[in-house]
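Both counts, for ligands and for their atoms, begin at 1 and track the order of listing.
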Amino acid sequence: MSSFSDQHLLDLGFTAALAAALPPDCIPARVSRVDRGGCDLLTEAGPLRATLGSALLGSDPMGAACTGDWVAVRRWPDGPVTVEAVLPRRSALVRSSPVRAARPQLLAANADFVLVCHGLSQAPRLNRIERFIALAWESGAQPVVVLTKADLATDAEQLREETERNVPGVPVHAVSATTGHGVEELREYVAPGLTAALIGPSGAGKSTLANALLGAEVLATGEIRDDGKGRHTTVTRELALVPGGGVLLDTPGLRGVGLWLVDEGLEKTFADVEELAAQCRFHDCGHDTEPGCEVQQALADGVLPWRRFESWRKLQREARWVAVRHDARLRAEARKDLVRFSKAVRSQRNRP
Ligand SMILES: Nc1nc2c(ncn2[C@@H]2O[C@H](COP(=O)(O)OP(=O)(O)OP(=O)(O)O)[C@@H](O)[C@H]2O)c(=O)[nH]1
Ligand SMILES: [Mg+2]
Ligand SMILES: [Zn+2]
């Protein structure tokens, strides 16, 4: 086993908890990229290519290795390198799979910060930003909003303040990779040992911003529209090491993000609204026409913007829908297992 004190591993985000979870005869590695054939890894001794061991080839999307994961790697005497296990994640950014209903899709593992990027070539789309923030909170990481392309807005600072008022508890930065404005402020999120994942629509300037922090053109960037309708430049989730710092996790642009199962992600995103709701006269207040509704009062007083209230309701409805569909899928799978089991029992009994 490699020594836990190794500085390179620590900069990559290795911890004592991960060292304790490492099976014997395995070395720790961080997944920098996953493809069909296997994955690229970062180890104490540098980059390494590995194939996936049988334990990782199951159908559970949450059990598969994802960029950012810490894994246990075995180097076989005859040459092959295999990933034997995914070590416990300290955060997991998950959305509903856009292709397989009622299934999760992992976007990034072990991020400490999720940088929610939005280009200031257009006004901040607060509903979409809140959706990303909910996902980020739910992941276990700290969300940060990064308004990119500040050079394209005449009132970037005003837009930043306005956005900040709408997302309590979440820092908001306005940056420009073109002029360098604000970029250094983000360095605290990629200090040694820390990982920041960049998410947001295609063309928001995620890879350009990553390159600015990396100090080199490490990631491909593209001439594209940032309304999410253009070509996607980044096609795989990728880790990059920040010189003298931690790790950046660049992701392909997301057209939309459906919530996956949410627990406290929404409560944290809408902490101010939830606080009001907790003070309503009725415990089960629908925040509609009930007397003594603090939420309606705040709306009437203009303290709570209608937009934010509606965004809260919409995401709550979506979260309930996801939970119901997920339950239905679990029930269907349990039924299938039961049928398979009883068939097996019958064929045993029918044997001579
Ligand atoms: N004016 C200006 N343009 C920028 C800035 N940052 C990025 N761009 C431009 O925005 C376009 C898209 O940048 P990318 O970094 O490829 O965007 P991305 O978010 O990585 O896109 P995907 O990889 O498709 O998700 C490019 O043409 C960049 O030159 C900036 O700070 N100011
Ligand atoms: Mg990109
Ligand atoms: Zn109420």
Parallel, tilted or perpendicular: which describes the rings of Phe14 and Trp70, with under 30° parallel and over 60° perpendicular?
tilted
Which class fits the ring pair Trp260 and His326: parallel under 30°, tilted 30 to 60°, perpendicular over 60°?
perpendicular
State, yes or no, whether a side-chain contact exists between [X] and [Y] at a heavy-atom distance under 4.5 Å.
X      : Y      : value
Leu214 : Leu219 : yes
Arg95  : Leu107 : yes
Leu106 : Arg89  : yes
Cys280 : Val295 : yes
Val247 : Leu12  : yes
Val242 : Arg187 : yes
Pro201 : Arg125 : no

By number and element, which atoms of ligand 1 are closer than 4.0 Å to a non-hydrogen atom of [X]?
X      : result
Gly253 : 25 (O)
Thr178 : 1 (N), 2 (C), 3 (N), 5 (C), 30 (C), 31 (O), 32 (N)
Ser176 : 31 (O)

Any nitrogen or oxygen of [X], side chain or backbone, less than 3.5 Å from one on ligand 1?
X      : value
Ala177 : yes
Leu152 : no
Asp151 : yes
Pro252 : no
Thr221 : no
Ala220 : no

For the Mg ion (ligand 2), every protein N/O/S atom that sits closer than 2.8 Å, waters excluded:
Ser207 OG, Thr234 OG1
Partner of Arg30 by side chain to side chain donor-acceptor pair (under 3.5 Å), out of Thr195, Asn110, Asp69, Thr43
Thr195
From the candidates Leu254, Asp250, Thr208, Leu209, the one that places a heavy atom nearest atom 7 (C) of ligand 1:
Thr208
Judged on heavy-atom distance to atom 23 (O) of ligand 1, which of Thr234, Ile199, Leu120, Asn211 sits nearest?
Thr234
Note: Arg237-Asp250 ion pair, threshold 4.0 Å (strictly below):
no
Residues forming a salt bridge (Lys or Arg N to Asp or Glu O under 4.0 Å) with Arg75, sequence neighbours excluded:
none
The Zn ion (ligand 3): protein N, O or S atoms [distance under 2.8 Å]:
Cys280 SG, Cys285 SG, His287 ND1, Cys293 SG
Within 45° cone of Trp76 ring axis and under 6.0 Å: Arg74 NZ or CZ:
yes
Can you list everything that forms a side chain to side chain contact (heavy atoms under 4.5 Å, CB included) with Val303? Sequence neighbours excluded, please.
Ala298, Asp301
Looking only at side chains, do Glu162 and Asn166 share a donor and an acceptor under 3.5 Å apart?
no
